[in-house]
Amino acid sequence: MALIDANMKDLHVSFKGLDVDSAPGDDLVVDGPVPSIEEEWKPDVESNGGDAEIVNDDNKPEVSSNTQAGEEAPKKKKKKKRKSKGSRKFPPPTGFEDNFVDGPMTPDVSAVESEIYDPSKPFTERIETCIQRYRARRKFDPVRLQIFSTYLNLGGVSTGPKAFSGGLDIKNNDDLDAEQIQKMTATEFVPAGMKNDEDGDWDVDFEYVVRGFLSHKVPYVLGYMKFEELELSAKVVRNFLNYVMYHSVAPEYTASILAARDICDLAEKELILCRQVSSRLPGKFNMACSTLFGGYYKGMQDETMTWDAGLASDVGLTDAQALAIFNAGMEKRGTAFQKEMRERTKLVKGEFLAVEVTGIVFAGTSGVTKPLPKDIEDEITALKEEEKRIGESKLPGMDKLPQYNDTGLNALGRLLVKVWVPEGPEEQEAVETELDEFEIWLEMEVLQYCFVGMHLEAKMHTMSSGIIWIDSVTAVQCSFFLRLDSPDKESDEDD
């Protein structure tokens with residue numbers, strides 16, 4: 001250890017307990033020679049673990065003994081930086097979202113649309129351009145595309161590649177802009193026959209086409225039965241009508257377009273209700289009548305069956321179950337005359353009818369009962385007198401039926417209906433029947449989904465007691481039902 005005092009003329013050195021005095025300018029050597037600068041700054045290999053690079057006197061690098069020649073030092077892998085969740089992009093909009101709204105148009109776009117949708121141009125030209133531009137601005141999945149194409153076909157618009165067009169060679173059409181290429185490659189166009197309609201055979205009616213599409217084409221042609229499919233059909237059509245309104249494609253048909261949009265709103269509710277009613281008809285009371293009086297459900301449940309019938313065992317009623325349900329219905333809803341006739345009731349007539357719902361009477365309330373036609377009343381009276389004279393019972397042992405719980409959803413209400421003729425492009429003849437307005441007994445399980453204006457097509461049976469029941473159901477239709485075929489199909493039938 002060396003202690004230096006700047007104010008002292010002599011240097012005093014203390015090293016390992018030895019005191020040495022030295023005059024200024026004298027050289028001091030302790031335990032050997034003083035190391036040179038090069039030796040003093042030479043790296044210590046052992047302190048570095050033996051892996052450090054050794055430099056010799058010739059300033060040439062030497063390889064450490066711990067690192068073999070020809071081997072490279074291991075490289076550290078770079079860690080990948082994880083992207084934050086906020087940086088992930090959402091998928092682009094399709095244009096069919098519930099909250100989707102077309103953005104405001106720029107002055108340039110507005111000027112272009114004012115020119116292509118000029119009211120002085122023929123409607124067929126404007127609507128064709130509108131459909132093509134709409135298709136380019138929406139992202140269709142297969143289901144939506146099928147819905148939209150079927151809707152266009154019903155309205156007379158052809159879908160698919162143009163015949164004899166030969167395709168489009170873009171390389172040889174460099175002078176075309178995007179709008180011209182889009183128009184040439186479009187697959188939706190109005191047929192020439194409609195564009196050159198000099199005789200005025202074609203009318204423009206948005207509401208008429210939407211009615212035929214949603215009430216007839218969707219459930220019976222496309223075969224859509226699921227609730228989400230029925231709702232989606234109405235939404236796709238409404239989306240297109242909104243586009244037509246927003247871009248002022250056909251201002252002269254504004255009233256018709258607004259009425260068509262109202263049909264779309266109504267369809268979302270009624271189509272689903274019709275599916276609910278269809279899956280529950282004819283109801284337990286009507287099924288019991290069908291089982292007891294030789295209808296569609298007669299013998300579907302065999303009490304003597306000893307094997308497992310699988311799914312078929314869940315359809316229909318046994319005779320004992322049918323008798324219990326029929327008896328409970330008579331006690332709850334039957335008039336004094338019907339209660340008296342229940343053991344001697346007889347089938348009078350069966351016929352296929354289309355009816356429209358005019359009213360609904362729920363269980364526990366009273367409704368207006370429409371009288372039967374006079375000839376049926378006379379026949380019922382004659383049968384009553386004959387059965388009293390003979391003394392025979394149609395259903396012996398009905399006073400010993402098991403109890404049936406006719407409360408809650410099983411409580412009987414009344415569906416008031418009238419005979420109806422389905423609407424179509426051609427006038428249809430009314431079915432010859434003596435019935436006009438009458439009532440059908442249905443459980444609350446079914447009545448809760450019925451609505452005024454709903455239509456039924458079914459086979460109805462009239463009993464000698466005046467009860468009319470449903471045997472089998474052909475169709476349950478909405479209030480705006482319209483049987484409408486595509487124009488190309490109608491033209492083929494005319495040929």
Side-chain angles (χ1 to χ4, degrees), residues 93-96 100-140 144-145 148-165 168 170 173-213 236-264 486-488:
T94 62
F96 292 102
F100 181 84
V101 178
D102 286 312
M105 292 182 289
T106 62
D108 294 339
V109 175
S110 179
V112 171
E113 293 203 348
S114 299
E115 180 181 354
I116 61 179
Y117 297 140
D118 189 350
S120 62
K121 293 183 178 181
F123 169 77
T124 54
E125 180 180 344
R126 284 178 282 149
I127 197 64
E128 182 180 76
T129 304
C130 170
I131 294 171
Q132 295 169 358
R133 291 171 67 89
Y134 173 78
R135 281 279 283 113
R137 286 159 178 76
R138 295 291 186 273
K139 293 185 178 181
F140 285 84
R144 287 188 175 92
L145 183 58
F148 188 61
S149 299
T150 307
Y151 167 67
L152 294 180
N153 287 332
L154 188 63
V157 179
S158 299
T159 57
K162 294 182 180 180
F164 312 109
S165 61
L168 177 64
I170 301 179
N173 294 275
D174 296 337
D175 55 334
L176 299 179
D177 56 18
E179 290 287 340
Q180 292 173 326
I181 294 176
Q182 173 188 331
K183 190 171 184 179
M184 294 179 66
T185 57
T187 57
E188 294 82 14
F189 55 93
V190 178
M194 291 186 177
K195 292 182 177 180
N196 303 325
D197 184 23
E198 298 178 356
D199 300 331
D201 296 333
W202 299 97
D203 296 328
V204 178
D205 194 334
F206 285 89
E207 179 186 7
Y208 192 77
V209 175
V210 172
R211 283 181 57 196
F213 175 71
V236 170
V237 176
R238 187 196 298 111
N239 188 282
F240 172 70
L241 295 175
N242 288 337
Y243 184 89
V244 175
M245 286 289 298
Y246 180 75
H247 294 272
S248 301
V249 179
E252 67 272 31
Y253 299 110
T254 299
S256 181
I257 297 174
L258 293 176
R261 289 200 310 186
D262 293 339
I263 294 295
C264 294
S486 302
D488 52 354

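Just so you know, these numbers come straight off a predicted model, no measurement behind them. Only this structure's heavy atoms are used, side chains among them; waters, hydrogens and symmetry mates stay out. Along the sequence shown, the residues carry numbers beginning at 1.
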Ring pair (Phe, Tyr, Trp, His ring centres under 6.0 Å) partners for Tyr246, two or more places apart: none
Test ring pair (Phe, Tyr, Trp, His ring centres under 6.0 Å) applied to Tyr243 - qualifying residues, sequence neighbours left out: Tyr134, His247
Which atom of Gly212 lies closest to which atom of Leu154, heavy atoms considered: C-CD2, 3.8 Å
Crowding at CD, Glu252 (>12 non-hydrogen neighbours, <6.0 Å): yes
Under the side-chain hydrogen bond (donor to acceptor under 3.5 Å, both in side chains) test, residues paired with Ser110 that sit two or more places apart: none
Note, Arg238 side chain near Val210 side chain (heavy atom, < 4.5 Å): no
Asp118: side-chain contact (heavy atoms from CB on, under 4.5 Å) partners, not counting sequence neighbours: Ser120, Lys121
Side chain Arg126, main chain Tyr117, donor-acceptor under 3.5 Å: no
Reported OG1-to-CG distance for the pair Thr94 and Asn239, which is rounded to 0.5 angstrom: 8.5 Å
Distance (rounded to the nearest 0.5 Å) between Ile127 CD1 and Gln132 CD: 10.5 Å
Any side-chain heavy-atom pair of Tyr151 and Val157 under 4.5 Å: no
All salt bridge (Lys or Arg N to Asp or Glu O under 4.0 Å) counterparts of Asp102, not counting sequence neighbours: Arg138
Sub-4.5 Å side-chain heavy-atom contact between Lys139 and Phe96: no
Tabulate below the donor-acceptor pairs under 3.5 Å that side-chain atoms of residues 254-262 make, not counting sequence neighbours, or state none.
| from | atom 1 | to | atom 2 | distance (Å) |
| --- | --- | --- | --- | --- |
| Thr254 | OG1 | Pro251 | O | 2.8 |
| Ser256 | OG | Phe206 | N | 2.9 |
| Ser256 | OG | Glu207 | N | 3.4 |
| Arg261 | NH1 | Asn242 | OD1 | 2.7 |

Atom of Phe240, atom of Cys130 and distance for their closest heavy-atom approach: CE1-SG, 4.3 Å
